[in-house]
Amino acid sequence: MSNQKEEIRIGYYVCHCGHNIAGVIDVKSVAEYCAKLPNVVVAREYKYMCSDPGQELIQKDIKELNLNRVVVASCSPLLHESTFRGATSKAGLNQFYMQMVNIRENASWVHESKEEATEKAKDLSRAAIHRVAFNKALEKKKVPVNPTALVVGGGIAGIAAAMSLANAGKKVYLVEKDPTIGGYMAKFDKTFPTLDCAACILTPKMSSVLKHPNITLLSYSEVSEVEGYVGNYKIKVTRKPRYVKEELCVGCYDCITACTFKEGKFPDEFNFGLSKRKPVYIPFPQATPLVAVIDEKTCIHFKTGKCPQTCAKACERNAIDFTQKPEVVELNVGVVILTTGFQPFDAKKASNYGYGKYPNVFTSLEVERLVNASGPTEGHVVLRDGVTHPKSIGIIHCVGSRDEKTNKWCSRVCCMYSLKLAHLLKEHSGAEIYNFYIDMRTPGKGYEEFYDKLLNEGVQFIRGRVAEVNDWATTPEEKGKLLIRAEDTMIGMVRRIPVDMVVLAVGLEPGKDAQEIRKMFNISCSNEGFFLERHPKLAPVDTFTEGVFIAGACQGPKDIPDSVAQAGAAAAQALALIDTGHVELEPNTAFITEERCCGCQVCVAMCPYTAISFDPVKKASSINEALCKGCGTCVAACGSNAITQNLFTDVEIMSEIDGILIN
Amino acid sequence: MTNMNTEQWSPKIVAFFCNWCTYTASDLAGVSRLRYAPSTRVIRVMCSGRIDPEFIMEAFAKGADGVLIGGCHPGDCHYSEGNYKCLRRYDLLQRYIEQMGIDTRRLRLEWISAAEGKKLQEVVNEMTNTLKEIGPSKIKHVVETIEK
């Protein structure tokens, strides 16, 4: 290291990855080829380089053969770079003297021709062998982690994650966009497969959140700006005006009773429009926090300014404040857990099922409210007219799921919730229930048993996708009924079944603000729009942005048990980060060699983080390492070659290019 | 392997992929076992903004038949705007290589997000086919002749 003319001694290791690499790439010939390249002291192949014996092989060679550079040709560096860096440093060599070659994701898994894949593996290995000679010894920079967490989204996943962190003694900010936490679970009646009441298990948790000394709940608020990096995020949260002072309101309902509107007039969001609310309202009796909110879109005061403001007069505590403005709160946190959930598929998009056209076609979520004892009908199952009890009900599965025209994915929860609704509808109404399904998907503890139970309850099951729902009666008995036309694949016939009520089992989609949130937190989405995990198996709650974790249905369709489990996993990951106390940052920052800098200041304008400043006395620019995030844009812009990016120096990249192309 | 006169000739593309979007997309293509032409040789950089035009000229001078740059979609850059810087350099470079007599189709810039393994597959296959139509690059030969 000290001597510039040190002899480069490279150890080259190519991994079989079982058959994953060796099945396509002739690893033996790659190793033999690399053994002959300049500076290579040893070239070996091994079944699993990432295993302990594989790593020990490298360490032994470093010590015995006096290696000072290591090249590992295996999988993606995004997967195992840290493994091999660790192995290298354990043997006493600086970890950045290790260079990885991706011959699995970038070669053996994507190419059929063995010759060409092998040729590619040789090219890529040669490039790394050229490059590694120029690699520099670097140290990772340690920065402290702020021990406070931010959880975005107050559904069951967010509640569970926040509680785990808070119980571990960490300060947590829980941000919820709606006036109350609870999410979709708060709207459900019973939960499958145990049929325990959702409110009974959820609402105590909601109040624990509110009461917990370590949790600060910011309801009716949205994250509006994110800055910083792992361990040190600066988050701006916009608190939307409730027009009711949260600290004064006790949720007595006096303002709601006193509202100029004597009856509810506007669709109640909590009941999916099945009931009406006033402009001043509390979403539901167990809302947390139990604070009224005034909807400025419907409130007479905001629309005309001519309201007698009976609500304000009725409030003994003077909690109503029409002058409230959006307020921005700044939070400093070390870790973030995103639990922003899903949105249900818009049933109107599946136009052949007549939602919005025939009043007695309901979505499953509406029916959740109908069967709910605290719902708009107090648990009475009635048609849209509010009085008629249905005698026959058809439940259509896979609406907006497993469908080429809408969403291709299986929403995972619909089979089970349809079975649950079938049970509850039968219990509440005694009606004849028909389930139309493509496949019955009930994997989960006690789930198949629940299906068995339903089979014995006299619920009808018809295997086949429903083609259409219409009201074209052909017989007097069919008049006024909805006709479900479906192929019954069990008997190989098309059937027409008249029913009074149709329930569409709508699937789960990425939340409507998922893209905005993704951009703010700098994470990725998978193709369908759910947040992308770092690794589907080994890092299911991590994202590609360090310190940002995901849990619940924002990552993909998920039921309550899975959401809670994932929330726990995300909390554990966040805790690990907090309790380590510091993070090690990749040393890929850039620096300016003062003697070479001509002072043109082109780089200053390039930097999105204002990390570069110009010193008029020295007539040279310099980079503030703490602000530099290591993109390297300034390096490419420098006309004097005065800027160097650690880990990605010009000579390192140039030697990689040459290594690829020069045989 | 690379016999220039037969149908078998396969172009060599030096591909600069940003760590956050396109490199991840190429990992995804791998995990999804999407087959594509074995023409690319990927060099990972943190951001497409790091790609110095010199790298591209070096690749051509040393015999690359094509250079592919992969970055995050506009608005999605992990470093806010590195991809815009890359785009500006790319536009200028396209004009530059045209004046040098290099077919501009040999240099391609694509925004490929971490979720777009499929797009990566399509882009590589498409570019490989285009390069097969244009044929092997003679730039290396020209450079060597001039140097002599």
Side-chain angles (χ1 to χ4, degrees), chain A residues 75-79 102 104-113 115-117 119-120 123-124 127 131 518-519 522-529 532 535-536 544-545 586 588 606 608-609 629-638 641 645 647-648 650 653-654 656-663, chain B residues 1-2 10 12 14 16 18-21 23-24 26-56 58-59 61-64 72 75-82 85-86 89 113-118 121 124 140:
Chain A
C75 50
S76 168
L78 302 185
L79 190 67
N102 182 349
R104 193 179 73 173
E105 283 83 347
N106 273 349
S108 69
W109 274 355
V110 287
H111 304 317
E112 272 160 331
S113 156
E115 291 74 32
E116 286 182 300
E119 205 57 31
K120 182 169 178 177
D123 283 357
L124 291 172
R131 181 201 215 266
R518 172 185 77 80
K519 283 187 183 171
N522 228 328
I523 61 169
S524 300
C525 283
S526 41
N527 252 344
E528 67 286 346
L532 187 67
H535 191 276
F544 285 98
T545 301
E586 237 353 58
N588 56 341
M606 282 292 136
Y609 307 104
K629 294 212 179 160
C631 61
T633 305
C634 58
V635 192
C638 180
N641 277 340
Q645 184 189 11
L647 276 180
F648 296 91
D650 280 349
I653 296 173
M654 284 294 198
E656 216 174 327
I657 300 169
D658 293 351
I660 286 171
L661 298 164
I662 301 169
N663 254 320
Chain B
M1 278 296 122
T2 49
S10 168
K12 212 173 255 190
V14 173
F16 296 96
C18 83
N19 182 64
W20 305 100
C21 290
Y23 195 85
T24 313
S26 93
D27 271 4
L28 176 66
V31 174
S32 322
R33 309 297 199 278
L34 301 175
R35 308 282 177 203
Y36 57 82
S39 50
T40 48
R41 305 288 183 265
V42 178
I43 294 178
R44 181 171 65 108
V45 287
M46 293 313 282
C47 177
S48 56
R50 172 66 183 97
I51 301 162
D52 193 320
E54 275 184 59
F55 298 162
I56 293 157
E58 173 76 2
K62 293 287 160 64
C72 308
D76 281 2
C77 177
H78 193 82
Y79 304 102
S80 319
E81 47 198 41
K85 308 289 175 358
C86 175
R89 289 172 192 145
S113 83
E116 294 176 321
K118 189 102 183 82
Q121 175 195 37
V124 171
K140 182 184 175 189

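Throughout, a chain's letter reflects where its sequence line sits, starting with A, and its residues are numbered from 1. Note that the structure is predicted; figures quoted are calculated from it, not measured. The figures that follow rest on heavy atoms only: side chains count, while hydrogens, waters and symmetry mates do not.
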Novice: Can you say whether B/Glu54 sits under 4.5 Å from chain A via the side chain, the backbone, both, or neither, judging by heavy atoms?
Specialist: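 Backbone plus side chain of B/Glu54, per the 4.5 Å heavy-atom cut-off to chain A.
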Novice: Do you know which of A/Glu586, A/Arg518, A/Arg131 has the most heavy-atom pairs under 4.5 Å to chain B?
Specialist: A/Arg518
Novice: Please check if any side-chain donor atom of B/Asp27 sits under 3.5 Å from a side-chain acceptor atom of A/Ser76, or the reverse.
Specialist: yes
Novice: So what's closer than 4.5 Å to chain A heavy atoms on B/Thr40: side chain, backbone, both or neither?
Specialist: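 Looking at B/Thr40, backbone and side chain both touch chain A.
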Novice: Chain B: which of A/Ile523, A/Asn102, A/Thr545 shares the most heavy-atom pairs with it under 4.5 Å?
Specialist: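 The answer is A/Asn102.
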Novice: Could you tell me which of B/Gly82, B/Ser48, B/Ala29, B/Ala64 has the largest number of non-hydrogen atom pairs under 4.5 Å with chain A?
Specialist: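 That would be B/Ala64.
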Novice: Please identify, among B/Val45, B/Val14, B/Asp76, the residue contributing the most non-hydrogen atom pairs under 4.5 Å to chain A.
Specialist: B/Asp76
Novice: Measure from the side-chain N and O atoms of A/Lys629 to the backbone N and O of B/His78, and report whether any donor-acceptor pair falls under 3.5 Å.
Specialist: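 No, A/Lys629 side chain to B/His78 backbone: no donor-acceptor pair under 3.5 Å.
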Novice: Side chain, backbone, both or neither: which part of B/Leu34 has an atom under 4.5 Å from a heavy atom of chain A?
Specialist: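 For B/Leu34, backbone heavy atoms alone lie under 4.5 Å from chain A.
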Novice: Verify, without hydrogens or angle tests, whether B/Arg41 (side chain) and A/Asp123 (backbone) share a donor-acceptor contact under 3.5 angstrom.
Specialist: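 It does not hold such a pair.
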Novice: Return yes if some donor-acceptor pair links the side-chain N/O of A/Gln645 with the main-chain N/O of A/Gly630 below 3.5 Å, else return no.
Specialist: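 Side chain of A/Gln645 to backbone of A/Gly630, a donor-acceptor pair under 3.5 Å: yes, one is there.
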Novice: When you look at A/Leu78 and B/Tyr23, which way does the side chain to side chain contact (heavy atoms under 4.5 Å, CB included) test go after all the steps?
Specialist: CA-CA 9 Å; A/Leu78 302 185; B/Tyr23 195 85; 3.9 Å; yes
Novice: Does the A/His111 side chain pair with the main chain of B/Arg35, one donor and one acceptor, at a distance under 3.5 Å?
Specialist: no
Novice: Once you measure the plane-to-plane angle for B/Tyr79 and A/Tyr609, does it fall in the parallel (<30°), tilted (30-60°) or perpendicular (>60°) bin?
Specialist: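 Correct class here is perpendicular.
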Novice: Which atoms of A/Ile657 come close to chain B, meaning under 4.5 Å heavy atom to heavy atom: side chain ones, backbone ones, both, or neither?
Specialist: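 Contact with chain B: backbone and side chain both.
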Novice: Sort out for me which of B/Pro38, B/Gly117, B/Cys47, B/Gly63 touches chain A most, counting heavy-atom pairs under 4.5 Å.
Specialist: B/Pro38
Novice: What closest approach, in Å, do A/Ala636 and B/Pro53 show between heavy atoms, and which atom pair accounts for it?
Specialist: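 Distance-wise, the nearest heavy atoms are O-CD, 4.5 Å.
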Novice: Out of A/Leu532, A/Ile653, A/Leu79, which one racks up the most heavy-atom pairs below 4.5 Å with chain B?
Specialist: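 Maximum pair count with chain B is reached by A/Ile653.
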Novice: Non-hydrogen atoms of chain A under 4.5 Å away: do they reach the side chain of B/Ala61, the backbone, both or neither?
Specialist: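 Contact with chain A: none, neither part.
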Novice: Does any N or O in the side chain of B/Arg89 come within less than 3.5 Å of the main-chain N or O of B/Gly49, such that one atom is a donor and the other an acceptor?
Specialist: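 Indeed, once roles are kept as given, a pair shorter than 3.5 Å links the two residues.
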Novice: With only heavy atoms counted, which part of A/Cys525 is less than 4.5 Å from chain B, the side chain, the backbone, both or neither?
Specialist: backbone
Novice: With side chain to side chain contact (heavy atoms under 4.5 Å, CB included) as the criterion, how do A/Phe648 and A/Val635 come out once you've worked through the C-alpha distance, each side chain's angles and the decisive distance to 0.1 Å?
Specialist: CA-CA 10 Å; A/Phe648 296 91; A/Val635 192; over 6 Å; no
Novice: Which atoms of B/Lys85 come close to chain A, meaning under 4.5 Å heavy atom to heavy atom: side chain ones, backbone ones, both, or neither?
Specialist: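 For B/Lys85, the contact with chain A is made by the side chain alone.
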Novice: If you tally heavy-atom pairs under 4.5 Å against chain B, which of A/Leu124, A/Asn106, A/Leu647 wins?
Specialist: A/Asn106
Novice: Taking A/Ala107, A/Ala637, A/Cys638 one by one, which has the highest count of heavy-atom pairs under 4.5 Å against chain B?
Specialist: A/Ala637
Novice: By a 4.5 Å heavy-atom criterion (distance strictly below it), what part of B/Val42 contacts chain A: side chain, backbone, both, or neither?
Specialist: both
Novice: If I measure from the heavy atoms of chain A, does B/Ser80 come under 4.5 Å with its side chain, its backbone, both, or neither?
Specialist: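 When you check distances to chain A, atoms from both the backbone and side chain of B/Ser80 fall under 4.5 Å.
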Novice: Side chain from CB out, backbone as N, CA, C, O: work out which of these in A/Ile660 comes under 4.5 Å of a heavy atom of chain B, or both, or neither.
Specialist: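 Both the backbone and the side chain of A/Ile660 come within 4.5 Å of chain B.
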Novice: Checking heavy atoms, do the side chain of B/Cys77, its backbone, both or neither come under 4.5 Å from chain A?
Specialist: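 When you check distances to chain A, only backbone atoms of B/Cys77 fall under 4.5 Å.
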Novice: Counting only non-hydrogen atoms closer than 4.5 Å, does A/Asn522 touch chain B with its backbone (N, CA, C, O), its side chain (CB onward), both, or neither?
Specialist: both
Novice: Identify the two heavy atoms, one from B/Arg50 and one from A/Gly632, that lie closest to each other, and give their separation to 0.1 Å.
Specialist: CD-O, 3.4 Å
Novice: Contact part of A/Ser108 toward chain B, heavy-atom cut-off under 4.5 Å: side chain, backbone, both or neither?
Specialist: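 Just the backbone, heavy atoms under 4.5 Å.
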Novice: If you count heavy-atom pairs under 4.5 Å with chain B, which of A/Glu528, A/Arg104, A/Met606 comes out on top?
Specialist: A/Met606
Novice: Identify the heavy atoms of A/Leu661 and B/Ala59 that sit nearest to each other, and give their distance.
Specialist: CD1-O, 3.3 Å
Novice: Go through the steps to decide whether A/Asp650 and B/Phe55 satisfy the test side chain to side chain contact (heavy atoms under 4.5 Å, CB included), and finish with yes or no.
Specialist: CA-CA 8 Å; A/Asp650 280 349; B/Phe55 298 162; 3.6 Å; yes
